[in-house]
K.L.:
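Provided herewith is a single structure, encoded as structure tokens, for subsequent inquiry.
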Number of protein chains: 2
Amino acid sequence: MKIGELAAHTGTTAKTIRFYEQSGLMPEPTRRPSGYRDYSTEFIERLHFIRRAQAAGLSLRDIRQVLAIHDRGEAPCGHVRGVLGQRLDQVRAQIAELITLETHLEALLAHAEQDNDTDHDSSTVCWILESEPDNA
Amino acid sequence: MKIGELAAHTGTTAKTIRFYEQSGLMPEPTRRPSGYRDYSTEFIERLHFIRRAQAAGLSLRDIRQVLAIHDRGEAPCGHVRGVLGQRLDQVRAQIAELITLETHLEALLAHAEQDNDTDHDSSTVCWILESEPDNA
DNA sequence: CTTGACTTTCCAGCGTACTGGAAGGTTGAC
DNA sequence: GTCAACCTTCCAGTACGCTGGAAAGTCAAG
């Protein structure tokens with residue numbers, strides 16, 4: 001199977017697969033006499049795994065670690081649980097931050113609608129942004 | 001006022017101020033005979049404005065636009081309202097995405113706790129990640 | 001006068017996950 | 001044989017907001 005075919009099977013591109021190989025996510029496949037990469041079907045599953053891990057919000061760095069454990073012949077499941085837990089914490093922290101920001105933006109916009117053409121203090125750039133956020 | 005003093009007054013660094021100048025956010029100040037930048041107090045307010053705008057989640061690109069309008073002598077408030085509205089939409093979209101991801105991660109982790117040592121299908125890297133997310 | 005803290009410019013790199021393009025070799029159908 | 005569509009390597013760039021460092025000049029205190 002050539003690289004373009006593997007890409008078509010997995011919804012990626014040849015470029016990305018070469019990039020993954022260079023990044024240590026995909027092992028080097030055998031080569032045809034011409035130099036073309038020749039993939040066996042196992043590479044499909046590996047690529048699908050990478051995509052699922054990305055869908056779970058894992059970074060390529062995380063995925064590389066998991067795959068390295070797998071390639072040593074160990075079951076990476078414990079590690080995967082840990083990484084997923086950490087990622088969940090991160091995601092929750094991000095959500096909290098964004099909700100804070102959302103609140104701040106809503107407050108600014110409410111403020112912006114109230115005072116329409118008053119308060120044009122020429123010393124400032126724009127009075128709408130004069131208030132500091134409550135927490136950050 | 002030298003650049004380091006301005007930085008100290010506004011909680012930034014001299015590096016950052018030079019970067020803002022180069023990025024078109026801060027105008028070029030006058031120079032002393034030695035070549036040192038010499039800032040008047042108005043620059044403090046401008047830098048504070050930049051920080052407030054950043055706290056509202058605006059990008060430097062957005063801020064540059066707002067400041068450009070201000071520097072033309074127009075009141076940028078209408079534009080600011082628009083940018084804040086767009087940013088609020090973005091933030092809400094991001095929150096929705098992250099909540100989807102959070103749900104997915106929770107499902108995976110719940111799945112991971114249930115089946116402890118069963119299902120070790122050696123053909124896959126890790127069974128925990130076998131399920132696709134529901135929507136993405 | 002010396003010393004150390006400050007300033008100047010310029011160029012380069014961080015991290016993330018790719019993507020684009022150049023210059024060339026291979027394959028397969030017609 | 002010839003043509004397009006594929007493949008190869010390598011280098012560089014994208015977006016974002018800085019940050020680090022080198023080499024040189026300036027300022028203020030002691």
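Protein chains get the first letters and strands the later ones, always in sequence-line order, with residue 1 at the start of each. Because only heavy atoms are used, hydrogens play no part in the values below, and waters and symmetry mates are left out as well, while side chains stay in.
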K.L.:
Examine the base of D:dG17 for any acceptor or donor lying under 3.5 Å from a partner atom in the side chain of B:Lys15, and report the outcome as yes or no.
P.N.:
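It does not, because no donor-acceptor pair links the side chain of B:Lys15 to the base of D:dG17 below 3.5 Å.
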K.L.:
Counting only side-chain N and O atoms of B:Ser23, is one of them less than 4.0 Å from OP1 or OP2 of D:dG17?
P.N.:
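For B:Ser23, the contact criterion (side-chain N or O under 4.0 Å from OP1 or OP2 of D:dG17) is not met.
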K.L.:
Just call it for A:Ser59: base, sugar-phosphate, or nothing, with non-hydrogen atoms closer than 4.0 Å on any strand.
P.N.:
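Counting heavy atoms under 4.0 Å across all strands, the contact made by A:Ser59 is with sugar-phosphate only.
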K.L.:
If only side-chain N and O atoms of B:Gln54 are considered, is one of them under 4.0 Å from the OP1 or OP2 phosphate oxygen of D:dC16?
P.N.:
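False: B:Gln54 side-chain N/O out of range (4.0 Å or more) of D:dC16 OP1/OP2.
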K.L.:
Please report the distance, rounded to the nearest Å, between CD in B:Glu21 and P in C:dT7.
P.N.:
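From B:Glu21 CD to C:dT7 P: 14 Å.
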K.L.:
Name the closest nucleotide to the A:Ile3 side chain, picking from D:dG17, C:dA17, D:dC7.
P.N.:
D:dC7
K.L.:
Could you state the atom-to-atom distance from OH of A:Tyr39 to C1' of D:dC7 in whole Å?
P.N.:
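After rounding, the gap between these two atoms is 11 Å.
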K.L.:
Taking A:Ile128 as the starting point, is it possible to reach B:Ile69 by hopping between hydrophobic residues whose side chains are less than 4.5 Å apart?
P.N.:
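In one cluster with B:Ile69: A:Ile128, no.
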K.L.:
Whole angstroms only, please: what is the CD-C1' distance between A:Gln22 and D:dT9?
P.N.:
10 Å
K.L.:
For the side chain of B:Leu60, counting heavy atoms from C-beta on, which of C:dT19, D:dG17, C:dC18 is nearest?
P.N.:
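So the side chain of B:Leu60 is nearest to D:dG17.
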K.L.:
Is the phosphate of C:dT7 approached by B:Arg37 (side-chain N or O, under 4.0 Å from OP1 or OP2)?
P.N.:
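So the side chain of B:Arg37 is outside the cut-off, no N or O lying under 4.0 Å from OP1 or OP2 of C:dT7.
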K.L.:
With heavy-atom distances below 4.5 Å as the criterion, would you say the side chains of B:Arg64 and B:Ser23 are in contact?
P.N.:
yes
K.L.:
Measure the shortest side-chain to side-chain distance between A:Leu88 and B:Leu108 over non-hydrogen atoms and say whether it is less than 4.5 angstrom.
P.N.:
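In short, these two side chains do not touch, never coming nearer than 4.5 Å.
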K.L.:
Without decimals, in angstroms, what is the distance between B:Leu25 CG and D:dG17 C1'?
P.N.:
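About 11 Å, once rounded to whole Å.
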K.L.:
Taking atom P of D:dC6 as reference, at what distance in whole Å does atom CE of A:Met1 sit?
P.N.:
15 Å
K.L.:
Base of D:dG17, side chain of B:Tyr20 - is there a donor-acceptor contact under 3.5 Å?
P.N.:
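A donor-acceptor contact between them is absent.
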K.L.:
What is the distance, rounded to the nearest whole Å, between atom CD of A:Glu28 and atom P of D:dT8?
P.N.:
12 Å
K.L.:
Measure from the side-chain heavy atoms of A:Thr13 and tell me the nearest of C:dT8, D:dT8, C:dT19.
P.N.:
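Nearest to the side-chain atoms of A:Thr13, counting from C-beta on, is C:dT19.
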K.L.:
Looking at D:dT19, I'd like to know if its phosphate oxygens (OP1 or OP2) sit under 4.0 Å from a side-chain N or O belonging to B:Thr16.
P.N.:
yes
K.L.:
Can you tell me how far NE2 of A:His104 sits from CG of B:Leu84, rounded to the nearest 0.5 angstrom?
P.N.:
8.5 Å
K.L.:
To the nearest angstrom, how far is A:Leu47 atom CG from C:dA17 atom C1'?
P.N.:
14 Å
K.L.:
Can you work out whether B:Pro33 or A:Gly35 has the more 5'-proximal nearest nucleotide on DNA chain D?
P.N.:
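Closest to the 5' end, via its nearest nucleotide, is A:Gly35.
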K.L.:
Would you say the side chain of B:Tyr36 and the base of D:dC27 hold a donor-acceptor pair, judged only by whether the two atoms sit under 3.5 Å apart?
P.N.:
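For B:Tyr36, whose side chain was compared with the base of D:dC27, there is no donor-acceptor pair (under 3.5 Å).
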K.L.:
Want to settle it: does A:Arg32 or A:Phe19 sit nearer the 5' end of DNA chain C, counting the closest nucleotide to each?
P.N.:
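That would be A:Phe19.
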K.L.:
Mind calculating the distance between CZ (A:Arg61) and P (C:dC18) to the nearest angstrom?
P.N.:
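A:Arg61 atom CZ is separated from C:dC18 atom P by 15 Å.
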K.L.:
Could you tell me if A:Gln90 and A:Arg87 have a donor-acceptor pair between their side chains, going purely by distance under 3.5 Å?
P.N.:
yes
K.L.:
Is B:Arg31 close to B:Arg37 at the side-chain level, that is, under 4.5 Å between some pair of heavy atoms?
P.N.:
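The answer is yes; the side chains approach within 4.5 Å.
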K.L.:
Under 4.0 angstrom, heavy atoms only, what part of the nucleic acid is A:Arg18 near: base, sugar-phosphate, or nothing?
P.N.:
base
K.L.:
Of B:Lys2 and B:Leu58, whose nearest nucleotide on DNA chain D comes first from the 5' end?
P.N.:
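Whichever sits nearer the 5' end wins; that is B:Leu58.
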